[in-house]
Student: 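This is the structure I have questions about; it appears just below.
Owing to the predicted nature of the structure, the values given are computational and were not obtained by experimental measurement.
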Amino acid sequence: MASPEPGRPLLAVRSVAKSFGAVSAVRDVSFPLYGGEVHALVGENGAGKSTIVKMLAGLHRPDSGTIELDGQPVELHSPADALAAGIAVIYQEPTLFPDLSVAENIFMGRQPLRSGRRIDRRAMNARAAAYFTQLGVAIDPDRPARGLSIADQQIVEIAKALSLDARVIVMDEPTAALTGVEVKRLFAVAESLRAGGAALLFISHRFEEITALCRRVTIMRDGAHVSTDPIDELTVDEMVRRMVGRPLDTLFPKHDVVPGDVVLEVEGLTRAGVFADVSFQVRAGEIVALAGLVGAGRSEVVQAVFGVDPRDSGEVRVDGKSLRGGSPAAAMRAGVALVPEDRRQQGLVLDASIERNITSTRLGSLAKLGLLVGGAERRFARDWAARLQTKYSHLTDPVGRLSGGNQQKVVLAKWLSTQPRVLIVDEPTRGIDVGTKAEVHRLLSDLAADGVAIVMVSSELPEVLGMADRVLVMREGELVAELPRAEATEQTVMFAATGQGAAA
Amino acid sequence: MTTAPPTSTGPAPSVEHDKAAESRVGLILRARELGIVLALAALVVVTAVVNPRFLSGQSIRDLVLAAAIIVVLAVGQAVVVITRNIDLSVGSVLGLSAFAVGSLLQAAPGVPVVVALLVGLAFGAVCGLVNGVLVRFGNVPALVVTLGTLYVYRGIGFFWAGGQQINADKLPPGFLAFGTAGVLGVPWLIIIALVVVLVAGLYLRTYRSGRELYAMGSNPEAARLAGIPVGRRTLAAFVVSGALAGLAGVLFAARFGTIDASAGTGMELNVVAAVVVGGVAVFGGSGTIWGAAIGALLLTTIGSALPVLGIDQFWQQAIVGALILLAIGTDRVVAARIAASLRRRESHVVS
Amino acid sequence: MSSPDLSPRRLLGRLTSWDAAIIGVLILFVIIASFTVDNFASSRNFSFLVLDLAPIALMALPMTLIIVTGEIDLSVASTLGLASAVMGAMWEGGLPIETIIPVCVLLGAVLGAVNGTFVTVFGLPSLAVTIGTLALYRGLAFVVLGDRAVAEFPASYTDLVTGRIGDTGIPLLLIPLVVLGLVFAVVLHVTPFGRSLFAIGANAEAARFSGTRVTRVKFWLYVVSGAVAALAGVLWTLRYSSARADNGTGLELAVVAAVLLGGVSIFGGRGTLWGVIAGALLLTSLQNALRLADVSNEALSVVTGLLLIVSVLAPNLASNSHAALRRRRRPDPPPPASPNPDPAPSPTPAVRSS
Amino acid sequence: GGTTRDSSAGDTSGSTGAAAATANPDAPIREGLKIAFLPKQLNNPYSDIEAGGGQTAVTELKGDYKLVGPNDASASSQVSYINTLIQQQQDVIGIAANDPNAVCPSLNQARDAGIKVVAFDSDAAKQCRDVFVNQATTQGIGETLVKMTHDLTGGQGDIAILSATPNATNQNAWIAVVQEELKKPENAGMKLVATVYGNDDDQKSFQEAQGLLQTYPNLKAIVSPTTVGIAATARYVSSSSYKGKVAVTGLGTPNQMREFVKDGTVSQFALWNPADIGYLAGYAGAALASGQITGKQGETFTAGKLGKYTIGADGEIVLGPPTVFNAQNIDQFNF
Ligand SMILES: Nc1ncnc2c1ncn2[C@@H]1O[C@H](COP(=O)(O)OP(=O)(O)OP(=O)(O)O)[C@@H](O)[C@H]1O
Ligand SMILES: Nc1ncnc2c1ncn2[C@@H]1O[C@H](COP(=O)(O)OP(=O)(O)OP(=O)(O)O)[C@@H](O)[C@H]1O
Ligand SMILES: [Mg+2]
Ligand SMILES: [Mg+2]
């Protein structure tokens, strides 16, 4: 699909800059977006990608520089302006109205009308349903958005962008929460949009996606523009080198560890309507991956193990001692830690400072005579932030200001600082750049080497295959397969995860 | 554009979605208002059994007349609450507008009722505007702003009225008649209340800007991203609530004939209670105007049923409180049932 | 990669924060009032002031904790009333006051537990629940004592409440106030429990995922709130030596006003107890001074209202204009390096055991 | 053991005040007396009329008049005002107590500070005021109420009372007398079927009236011994189908009731002239402060246009019998 070398760009970013107080998030960045072409924007966490996105969305005004549409400079004062200018944005974090129906979420402010400017609900639901069929998912358009899994939320976001049929479509890590099947569908859609003449800006930390989808790539580092080239003139290694600023050491640094005794035992764990009769064991030093399609119920399982979700039946044992259900505190005392799937909702208190977030799990031990006095917290937080190489300007800044990846590091710091015996990580590298990814992976294998039992929920097959000693596959709330490292391959896992015929 | 999906010939899945849709909508509607309607019915039946006169024309008339005022207030309150705000100043606004209209009519008895109504509306709208501006531009939480203006408006009222009380004999008979008379036996107050409920209810359910109010309440940040003019809508919501409070003030004056500076004191809590009992979520995003109206009706019915039931004076308030708890309790139970049903019918990638 | 030393910065943050502003306003006001309003600075007036302050300040302490967790308790004044009514009924019944007082406080705890149960176990919005119990408890108060007003409480006790320390002008009542204030302040600001309250207020789910027993914490807060409100009821009854069902009607708004005035965010997650105490003091001393200056009652309510709004409005406007300034000031030469002191990942002490 | 009601009987927070001094009947009235009035509630028409009378008196006496008070009729807020008045070293406090006991401690502090306390309209506990200006003897009012009801109902049928707040001191006293009177043979035909409370709130009273009429089909009369209650009741009845069938009477101001007397809803009701209460209280206060009287029974003083008054038992000064208003005389009054 070699479309002719395009002429004038549909949208052009011209040497824009943006700083937040002391932090200069973006400096002198320029790149063109051509119609009928998908353009990749890559960079480490905190490189400034989302900030650019927010400028295109009319959320941030550039401190300097301009954004040009059809060669004309445009002032985007508000999201409304951006929409009016035909720019649709899929944000890094889903932005839905939990109380409203999925269909209304898609068409808010643009609902199809019938006589007397009244909303035509039938038409609205029908069109929403049509978009879902196009995306190949069956979400009831009339169901409230509350309770959708992150993946389903992301899909609704995509449907929203489709419904805008905009000329410029910006996707900030749309695939972070998706698994193979959905990603394939998303790509099909993106492809048809491209063919329709739209210009797409695509942000992702997964290079296989970028090389598969994009024709041109802009690389950023620390807020500055590094380069913009056609994709086929760059190797992945070159891209990585440019964005990280150094050659990357292996992505999956797996030590071979001889597993120790069983630490975590889960037996017949059941929660009506979500998952049933889940049993597995994890030994000290082992990394066990929970694979499966999104919505398989993996998060629910680990959350029930940790006790944030209730369990209807079944038992969880740590070091042979049975764990009281529904009590995270008990789990923590037993040495279990859970790095949750949704960092903004479950992992962090976004308005609270980085320091407060990191220390939140350790206050008891940081207190003297029950009182939190002196600089103990500060020192502790600074130490752990440093160990995970978190990028921040002040420990007292609200953690919400950090870039996605750095937020994830804070969550990891918060839990690793509890020195757990059993570490459960749910989508540990979601939205994390290659550099950090390698860090996290090294971290996990080091922890395993130190005898920590690790359960890893991940929707990224390479990660699962690269890191796990054993792979447990879930489908529709049931444990359907257990594959030792040797037998775990792309095919075997997908086959188990999707069941007959659905082998992706 | 290949992306524009066929809308007319809805593909297979969308059809079955529509069926699901119907059932779901029905379920939720029933869920939200069912509890209250039942409570209301039960109350009326019991009272009527104990004392048939409760269903006499006169008494029903008195009941709905009393309800009309609080219903109007509840509608305004619902609009504000749905946007994740609250308006505690309604009681004071009512008092202020009642007194304003009262003294207007006292000064110029010739003024037609319609004008009086409009004056009340306008007066309330201005008070609402002040609230709205403070919330919107000062970004002060609505609870704080309106708690403040609750004091301020009341204080202004006292300044203005002093000890003066406007008695029935000072008000033009035409206006007082408006408080009780009506067309074909249906009192004006009730007609007005019904119109308010219908218009507001329809608007919030079937108009884009109406739905945007829900969106704002459900997730303010997302509302901004969706390009909804959050500021303007907030402002509008408060103006509406204020205006309706003003209108209620006029109705109050017409109904009770005696107006002093303390008219409507403490009403704000009843109104909020009515809205909450009516199934409007305190933190916005969900609930209906109908619900709020029924909630208001229920509370008023309790108020006038208890004396009829000959229940000891001192029990009344206690029972009202208990019923509020009961109402929101049942509402929650039903809501939980829905959530459960949602969890079960989860989406899965079709393969 | 440690951040620069923050202590001066934090100090600045403290000083510019809005509860600090309220404290400033309070001090300023007291100084001005003592010079301009006759009899304001007298020791007797001070004791009157403390007497007026006591019930509001008392109930504001637990209310602060509750609002910090993002909930609210509008039933406190009714709890006060019910406690007072029960106290009266028991006193009439000839029970010794030494038993009555603890029983009343216990009753308050139970009433609080009822609120707590509805809010946590049934997960109902506290605003709605406590509006319900606001009516319920006040109603029960009337059921208990009806239209009667029980009086003639023993002078030995009433004097305890209204009395002063020796011949100093300092009212006895100040002692428990100060003690409780300190206790609550310490709990809220320098204990893990207090931290968890802020976390709950800012993001309850995240708090739950960090092992905080969110529902349990909230439940106990309501219990404490009820008990303290009942204690306020006892003091109220003794001060006026009159137990009545309608004691303290409408006080809940004053309490909430004091808390918000003190700079606690109504959405939870933010606020300090110092601010609240200052808020309560400002509210009462303002009213006291205005009354002494023969300012009419109307003016009182207007001023109270304005004060409440301004106390939140002012800091917002300040920060807004500040931000606006920053936005206009452009384009300043971008800082050479990234926000982070040393971008190149330095070999870190821990975890990287390569 | 412990402190119980009985064990602490008599040990109530009270002080004798400054009543020790002896009266000097012909002491001159001091000029420039600071006389403050603290009615039940400000911005209440009735209270304002009372205070108005007080103002007249104080001006006549060349004193310096002040009116303070809460907007809600609650005892506690009155106490704050008493404290303020103490601070301001007034000479006389005229108070209509919202709760006889709640105001007691502060009133005694006032008297210890040498301030004379005149209770008017609604008494404070005896041991904490010097004199009480009573609008009419409780007995007198009770009897008048029953007499009017008797006239209206012909002494036959159900009657109901719509009172003010459940704990309003004087209303409850009057109701007690009414109940006594009804026991008398000539009133045997009338049956008091209910007593309800409108909390002196117009709307509440209005709804209570509704409730009464619905609950008691053969109600003959509603007696409302409070100005707010009677007005609300009359207004409801006049706009309802009960007009003419059910009699409304009680205590009300002519201005409020004029309309309903004219339209025949109400044929007679009673009240003393509230202005005179304030007026008398003003003079009594001045007399106290000037040492003409000390509050003992039998002492006498002159109250301007109202003439000579004698202090009765418990320092009570009675204004006189209430006036009964009807279609004939109502237009002669304007308050
Ligand atoms: N509102 C804000 N206030 C202050 N600093 C901010 C704000 N938003 C972003 N930043 C800073 O700007 C820099 C760029 O953030 P941005 O979110 O654009 O990174 P990103 O490239 O999207 O990273 P990721 O891939 O993790 O999403 C980061 O250092 C971040 O801390
Ligand atoms: N808060 C919630 N309320 C109701 N249902 C939920 C909620 N969260 C998830 N679900 C549903 O439960 C099932 C499992 O959720 P989830 O998507 O977390 O599974 P998963 O295997 O962890 O997928 P992933 O982790 O890749 O998102 C899905 O069908 C999802 O829609
Ligand atoms: Mg980003
Ligand atoms: Mg998950």
Student: For the atom pair NZ (A:K414) and CZ (C:F209), what is the distance rounded to the nearest 0.5 Å?
Tutor: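 Reported to 0.5 Å precision, the distance equals 9.5 Å.
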
Student: When rounded to the nearest 0.5 angstrom, what distance separates CZ in A:R362 from OG in C:S210?
Tutor: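 Result: 13.0 Å between the selected atoms.
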
Student: Under a 4.5 Å heavy-atom cut-off, does chain C meet the side chain of A:L371, its backbone, both or neither?
Tutor: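 Both parts, backbone and side chain.
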
Student: Heavy-atom distance under 4.5 Å to chain A: side chain of C:V187, backbone, both or neither?
Tutor: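 Interface part for C:V187: neither.
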
Student: I need the minimum non-hydrogen distance between A:L348 and C:A206, along with the two atoms involved.
Tutor: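 That closest heavy-atom pairing would be O-CB, 3.4 Å.
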
Student: Could you check whether A:R344 pairs with C:E205 (Lys NZ or Arg NE/NH1/NH2 to Asp/Glu carboxylate O, under 4.0 Å)?
Tutor: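 Looking at A:R344 and C:E205, the cut-off is not met.
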
Student: Please check: side-chain N/O of C:N203 versus main-chain N/O of A:L350, any donor-acceptor pairing under 3.5 Å?
Tutor: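 No; zero donor-acceptor contacts below 3.5 Å.
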
Student: Indicate yes or no for a side-chain donor-acceptor contact from C:R208 to the backbone of A:V308 under 3.5 Å, with no hydrogens or angles considered.
Tutor: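 Yes: the side chain of C:R208 pairs with the backbone of A:V308.
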
